[in-house]
Structure formats: structure tokens, C-alpha cells
Amino acid sequence: MNADQPKKPDFSDVVAGHSSTAPIPPEAPPTEMAYTVVSGDSLSKIAKKLYGDANKWRVLFEANRDQIENPDLIHPGQVLKVPAL
Amino acid sequence: MTLRSFARIATVVAACALVSVGCSKKEEAPPPPVAETPKPVPFRITSMDLGKRLDADKKVVAPTAIFGVRDTIHLSIASEGAAPNVTLRALWKFEDGQVVADDAQLLAPTDVAQSEFHILKNSPWPKGKYSVEVFTDTTSAGRKEFIVQ
């Protein structure tokens, strides 16, 4: 690693949240969406955030086999496909 | 009863009936106006504001684009229209394009709505320029820039 290269800021402790006055649809979306991996993410963490269930990490893994070889190894900036459940 | 008196009575009855019909006609309420079914408005974002605090309606109290290193950054999004389901996504980035957070919420808006995204950090925010881009499903709906100083 080049010592002259400035160190990238660490955003792994960022907590994101949301809410709305609009109702939530009764079912999961029929279409898939994209998710950009951030520092500190893991598949189970993303599954918990998007599906509400960390155990659904395998759904993400299977949908992204073309870019994930090891489910314990994902990289910030990777754009994952998030299929509808 | 003679034929003549019968005819007279019949005339009187017919006249009364006419008067009665005329009167009842006057008492009838006018037909209610035909209500036009409003055309459904497609979902769209009408405004986005950044700020440090939200009110109870999820609106930013004092819009700003300048934050301190310990602030929580709120993005308030006003929308109108209906959609059976729409994904509202906020992609937060640091100046060089580094992703700070990528958050999404799935909604089924029926009318005007107010949505919000927020980010906070346990350690101080690195000073610099940031941006947040909002997507409705996969389409960019707008971008806001802000500074942490």
C-alpha cells in the first residue's frame, strides 16, 4: 500500500434510518432493487436491513454468485442485486 | 249517477291529479351533481430538504446545507400521487464518491406523503462535501449537496 495515499474516511459506524407517512405495501416488492455495500456491511447485516431477517443472507448470496465467491467477503462499493422475497 | 255528473267528477279528479303532480314536481330535490372521479396522480417527489431536526410531520424544521461534525443529517422528502409500491432510496456519498450509506424504504403512497432518511455517526463526521441522491425505484429523483465543517 502506498504510504503517500491519503487514508479513506471510515464510515463503518454510520447508522442510517428512515420513516414515512405513506403506508407500506402489504407484500414484498415484485421487482429487485440494488444495494451498494458500505464499509462494515456483511450479507447478514444487509439481509437484516432490507428483509428484516439476517438469516436471509443466503438469498443475497445466491442472487449475487456472479460477483461473490465467499459470502464472508464483500467489498464497499459493490452493488448487489436484492431480489424480492 | 248521471253520465254528466260522472264526467264532471272525473274532470275534477283529473284536475286534482294534475295539480298534485305539479306540486310534487316542485318539491323534488334537484338531482345531485355528478361527482367526477379524480384521475389518479402518478407518484412523484415534489421537494427535498436537508436539516438537523424534523418536526412531527417529518418536515425539516430549518433547512440547511451546512452541518457540524456531531450532527444527525436529516433529509425530508415531500411527495404526491399514488403507487402500489415504490422504492424510495437515499444514496449518501462523501466527496470522492465513497458511499457513506445506502438506505431504502418500500412504500405504497396513496396521496401526499412526507418521508425522511437520516444518517448519524458515532464518531465525528469527516469534514468535507457530501451528497445524497434520491431514487424512486431505479430512477434518480434529485440530488442534494451539503457540507460538514
Side-chain angles (χ1 to χ4, degrees), chain A residues 2 4-53 56 59-60 63-64 67-68 74-85, chain B residues 43 54 56-59 72-128 130 132-133 135 137-138 148:
Chain A
N2 187 353
D4 296 337
Q5 205 172 357
K7 197 181 166 193
K8 280 199 163 192
D10 178 20
F11 293 109
S12 61
D13 60 344
V14 171
V15 179
H18 59 251
S19 64
S20 179
T21 59
I24 298 166
E27 291 174 6
T31 54
E32 69 176 29
M33 56 176 277
Y35 176 82
T36 309
V37 177
V38 295
S39 179
D41 268 348
S42 64
L43 287 183
S44 55
K45 212 168 158 182
I46 298 167
K48 172 77 178 164
K49 187 192 283 188
L50 300 178
Y51 294 141
D53 183 357
K56 296 275 195 299
V59 175
L60 295 172
N64 293 279
Q67 56 173 324
I68 302 175
I74 55 174
H75 306 285
Q78 253 183 316
V79 180
L80 303 182
K81 293 187 280 284
V82 181
L85 288 180
Chain B
F43 177 81
L54 296 178
D57 298 324
K58 304 186 191 299
K59 290 178 182 167
T72 295
I73 297 145
H74 293 274
L75 172 69
S76 179
I77 301 168
S79 62
E80 66 175 15
N85 67 58
V86 62
T87 303
L88 210 54
R89 178 185 175 209
L91 183 58
W92 304 83
K93 287 184 177 176
F94 188 52
E95 47 194 16
D96 60 352
Q98 186 178 354
V99 175
V100 173
D102 187 353
D103 197 13
Q105 50 185 322
L106 185 63
L107 304 172
T110 53
D111 201 348
V112 290
Q114 199 73 31
S115 307
E116 64 85 22
F117 288 94
H118 60 267
I119 51 171
L120 56 105
K121 197 172 185 304
N122 294 326
S123 56
W125 289 108
K127 291 177 180 176
Y130 292 75
V132 57
E133 186 166 12
F135 298 84
D137 292 325
T138 53
V148 173

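Here is the naming used below: chain letters follow the sequence lines, and residue numbers restart at 1 for every chain.
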Using every non-hydrogen atom in the two residues, find where B/Leu106 and A/Ile24 come nearest and quote the distance to one decimal. O-CG2, 3.9 Å

Relative to each other, are the rings of A/Phe11 and B/Tyr130 parallel, tilted or perpendicular (30° and 60° limits)? perpendicular

Heavy-atom cut-off 4.5 Å, strictly under: side chain, backbone, both or neither for A/Asp10 against chain B? backbone

What heavy-atom pair brings B/Asp102 and A/Val38 nearest, and what distance separates the two atoms? N-CG1, 4.3 Å

Segment of B/Asp103 engaging chain A (4.5 angstrom heavy-atom cut-off): side chain

Does any heavy atom of chain A fall under 4.5 Å from the side chain of B/Trp125, the backbone, both, or neither of them? side chain

Measure across B/Pro126 and A/Pro9 and return the closest heavy-atom pair with its distance rounded to 0.1 Å. CG-CB, 3.6 Å

Residue B/Asp96 versus chain A: region with a heavy atom under 4.5 Å: side chain

For atom NZ of B/Lys127, decide whether the heavy atoms of other residues, nucleotides or ligands shown that lie under 6.0 angstrom number more than 12. no

Per-residue contact mode, B/Gln105 against chain A (heavy atom under 4.5 angstrom): both

Heavy-atom pair with the smallest gap, counting every atom of A/Met33 and B/Ala104: CE-CB, 3.4 Å

Heavy-atom nearest pair, B/Leu107 first then A/Ala22, reads CD2-O, 4.1 Å

To check you understand the geometry: which heavy-atom pair defines the closest contact between A/Asp13 and B/Ser123, and what is its length? OD2-OG, 2.6 Å

Whether B/Glu116 side chain and A/Ser19 backbone form a donor-acceptor pair below 3.5 Å: yes

Does B/Lys121 NZ have over 12 foreign heavy atoms under 6.0 Å away? yes

List the steps, then state whether side chain to side chain contact (heavy atoms under 4.5 Å, CB included) holds for B/Gln98 with A/Lys8. CA-CA 8 Å; B/Gln98 186 178 354; A/Lys8 280 199 163 192; 4.0 Å; yes

How about NZ on B/Lys59, more than 12 heavy atoms from neighbouring residues, nucleotides or ligands closer than 6.0 Å, or not? no

Go through the atoms of B/Pro109 and report whether side chain, backbone, both or neither lie under 4.5 Å from a heavy atom of chain A. both

Taking it one step at a time, do B/Arg89 and A/Thr36 satisfy side chain to side chain contact (heavy atoms under 4.5 Å, CB included)? CA-CA 11 Å; B/Arg89 178 185 175 209; A/Thr36 309; 3.2 Å; yes

Output the distance between atom NE2 (A/His18) and atom NZ (B/Lys58), rounded to the nearest 0.5 Å. 10.5 Å

Side chain / backbone / both / neither for A/Pro23 at chain B, heavy atoms under 4.5 Å: both

Under 4.5 Å from a heavy atom of chain A, the part of B/Leu91 involved: side chain

